[in-house]
Student: 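Okay, handing you the structure first.
Computed over heavy atoms, backbone and side chain alike; hydrogens, waters and symmetry mates excluded.
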Amino acid sequence: MRSIWNGAISFGLVSIPVKLVNATESHSISFRQIHSEDNGRIRYRKVCELDDREVSTEEIGKGYEDADGTVIPITDEDLAHLPIPTTRTIEIVAFVPADRIDPLQMGTPYYLAVGAAPAAKPYTLLREALRRGDRVAVAKYALRGRERLGMLRVVGDALTLHGLLWPDEVRAPEGVAPDEKVTVRAKELDLADALMDTLGDVDLDDLHDEYRAALEEVIAAKAAGEALPEAPEPDSGGKVLDLMAALENSVRAARASRGDGKAPETRATQAKTTAKTTAKKTTETKATAKKTTETKATAKKTAETKAGEKKAGERKPPARKTAQRSAQKSAQKSAQKSAQGSARKTAAAQEERKSGRKPPAKKAAPRKTPA
């Protein structure tokens with residue numbers, strides 16, 4: 001690629017020799033002006049008004065016309081004495097986030113190629129610094145007889161320079177928006193959102209200039225003496241009276257072109273459906289939680305009842321069991337006393353037989369005499 005400007009990037013005290021190369025090219029088909037009667041070319045010739053003769057490019061210079069009509073010639077040597085540092089330098093003045101640059105200011109893009117072998121290291125340093133910081137550089141430079149504002153950014157492994165308009169060159173959008181107060185309904189916005197969602201994203205590499213392709217087809221048919229291709233009939237949609245209907249039809253058409261024949265569903269409808277589903281799930285969850293709580297409460301009451309019965313049983317046995325235990329204890333005591341009495345009598349009888357003595361008779365109790 002042929003360079004159109006040679007200079008250097010001024011990066012603080014670092015100087016990077018670079019060449020400016022056009023980053024874009026035009027593929028549009030251009031026409032020549034011809035004489036309609038004989039197809040002769042119509043050319044523009046540069047004629048000197050004083051000599052009344054055509055002059056060559058080498059004879060043409062620059063001049064500034066003063067207010068009174070006086071022309072002041074300006075040579076390339078005069079321009080070399082401009083008292084600014086940007087005549088051959090791209091002077092970086094700031095580093096800012098990319099979103100600080102208004103797209104309205106962006107103009108022609110250029111590639112910045114390395115101007116000499118020693119420039120490879122500082123070129124790479126600036127590129128990687130911009131890439132790591134996710135920023136762009138704002139710079140000033142002079143090109144084609146004027147100082148310009150530019151933006152340096154990274155594209156792939158190359159540095160690019162985008163020409164920028166000065167802020168005062170961008171017009172304010174006064175009188176562009178409609179003066180009438182228009183109310184946009186929420187349903188209309190929902191349908192517009194649905195249409196945008198249906199159209200979706202696009203790969204810019206898949207887009208091409210259909211007008212240029214059709215123009216080439218017409219030229220080829222004309223050159224071959226063939227019939228020209230038929231132009232398609234324009235859409236006779238007429239005036240749109242109902243914006244809602246137009247939006248709905250647009251959504252259906254867009255979905256049909258993508259193979260989706262579903263009815264248009266706005267974001268509001270989607271939100272309502274999602275809200276209903278969420279509410280239903282929430283209700284079911286609450287019911288389940290309530291049942292779980294009731295089950296836990298029942299289980300807790302049952303456990304408390306069993307624990308109470310167990311403690312009560314440990315503290316005081318039932319009355320029937322207490323009576324039985326008392327009777328058993330009384331019977332055991334009576335049996336023990338009877339056994340002890342029998343044992344005593346048996347022992348006394350044995351002692352009498354051994355000694356041959358009789359036990360003394362019991363004295364009769366004295367009778368009481370009545371007074």
Side-chain angles (χ1 to χ4, degrees), residues 1-5 20-45 98 101-112 143-144 148 150-151 153 155-156 158 160-165 169-173 175-178 188 191-243 245-261 264:
M1 292 183 286
R2 186 174 62 88
S3 63
I4 61 174
W5 181 89
L20 205 62
V21 179
N22 283 320
T24 60
E25 58 186 6
S26 176
H27 292 163
S28 61
I29 298 175
S30 59
F31 294 100
R32 302 292 187 184
Q33 288 187 332
I34 62 172
H35 188 197
S36 302
E37 294 182 0
D38 54 12
N39 294 340
R41 284 280 304 276
I42 303 297
R43 297 180 182 272
Y44 292 95
R45 290 183 171 89
I101 305 300
D102 190 343
L104 284 174
Q105 291 182 255
M106 297 183 67
T108 307
Y110 304 95
Y111 287 133
L112 291 171
L143 181 65
R144 297 191 178 99
R148 302 171 185 266
M151 176 187 72
R153 70 184 186 100
V155 176
T160 61
L161 173 66
H162 290 263
L164 298 178
L165 296 174
E169 293 180 323
V170 179
R171 294 178 176 177
V176 177
E188 294 170 343
L191 279 172
D193 289 338
L195 179 57
M196 289 189 291
D197 292 339
T198 304
L199 293 176
D201 200 355
V202 67
D203 188 355
L204 295 180
D205 293 334
D206 295 336
L207 302 179
H208 61 278
D209 188 353
E210 296 182 359
Y211 180 85
R212 180 168 63 90
L215 186 57
E216 290 175 346
E217 185 179 352
V218 170
I219 294 173
K222 186 80 172 180
E226 300 175 355
L228 299 179
E230 294 292 335
E233 292 292 332
D235 185 11
S236 58
K239 186 178 180 180
V240 178
L241 298 179
D242 189 347
L243 182 59
L247 287 170
E248 290 176 354
N249 293 335
S250 299
V251 173
R252 291 192 184 94
R255 286 181 173 170
S257 64
R258 292 175 178 266
D260 184 5

Student: Within the distance-only criterion (no hydrogens, no angle test), does the side chain of Arg148 pair as donor or acceptor with the backbone N or O of Leu143 below 3.5 angstrom?
Tutor: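 Answer holds: yes.
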Student: Are any non-hydrogen side-chain atoms of Trp5 and Leu161 less than 4.5 angstrom apart?
Tutor: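 No, too far: nothing below the 4.5 Å cut-off.
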Student: With sequence neighbours left out, write down each residue that passes side chain to side chain contact (heavy atoms under 4.5 Å, CB included) with Ser3, or none if nothing qualifies.
Tutor: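 Testing Ser3 for side chain to side chain contact (heavy atoms under 4.5 Å, CB included), a comparison that skips the adjacent residues, returns Asn6, Lys19, Val21.
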Student: Donor-acceptor pairs under 3.5 angstrom involving side-chain atoms of residues 216-229: please list them, not counting sequence neighbours.
Tutor:
residue, atom, partner, partner atom, Å
Glu216, OE2, Arg212, NH1, 3.4

Student: Mind checking side-chain hydrogen bond (donor to acceptor under 3.5 Å, both in side chains) for Ser36 and listing every partner two or more places apart, or none if nothing turns up?
Tutor: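 Ser36 satisfies side-chain hydrogen bond (donor to acceptor under 3.5 Å, both in side chains) with no residue once adjacent residues are dropped.
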Student: Mind listing the closest non-hydrogen atom pair of Asn22 and Tyr111 along with its distance?
Tutor: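 Minimum heavy-atom contact is O-CD1, 4.3 Å.
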Student: Could you go through the side chain to side chain contact (heavy atoms under 4.5 Å, CB included) check for Leu191 and Glu188 one step at a time?
Tutor: CA-CA 5 Å; Leu191 279 172; Glu188 294 170 343; 5.8 Å; no
Student: Identify the two heavy atoms, one from Ile42 and one from Ile34, that lie closest to each other, and give their separation to 0.1 Å.
Tutor: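 Where Ile42 meets Ile34 most closely, the heavy atoms are CG1-C, 3.6 Å.
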Student: Hey, mind stepping through Met106 and Leu164 against side chain to side chain contact (heavy atoms under 4.5 Å, CB included) and telling me if it holds?
Tutor: CA-CA 5 Å; Met106 297 183 67; Leu164 298 178; 3.9 Å; yes
Student: Sequence neighbours excluded, which residues qualify as salt bridge (Lys or Arg N to Asp or Glu O under 4.0 Å) partners of Arg45?
Tutor: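 For Arg45, the residues satisfying salt bridge (Lys or Arg N to Asp or Glu O under 4.0 Å) (neighbours in sequence not counted) are Glu54.
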Student: Just how far is it from atom CD of Gln105 to atom NE2 of His162, taken to the nearest 0.5 Å?
Tutor: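 The CD atom of Gln105 sits 13.5 Å away from the NE2 atom of His162.
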Student: For Thr24, check side-chain hydrogen bond (donor to acceptor under 3.5 Å, both in side chains) against everything at least two apart and list the hits.
Tutor: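 Scan of Thr24 (side-chain hydrogen bond (donor to acceptor under 3.5 Å, both in side chains), adjacent residues dropped) gives none.
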Student: Output all residues satisfying side chain to side chain contact (heavy atoms under 4.5 Å, CB included) with Arg41, sequence neighbours left out; order by chain, then residue number.
Tutor: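 Here the qualifying residues are Arg32, Arg43.
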Student: Taking the side chain as everything from C-beta on, heavy atoms only, tell me whether Leu112 gets closer than 4.5 Å to Thr160.
Tutor: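 Sidechains of Thr160 and Leu112: no contact.
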Student: What closest approach, in Å, do Met151 and Ile101 show between heavy atoms, and which atom pair accounts for it?
Tutor: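 Heavy atoms only, the tightest pair is SD-CG1, 3.6 Å.
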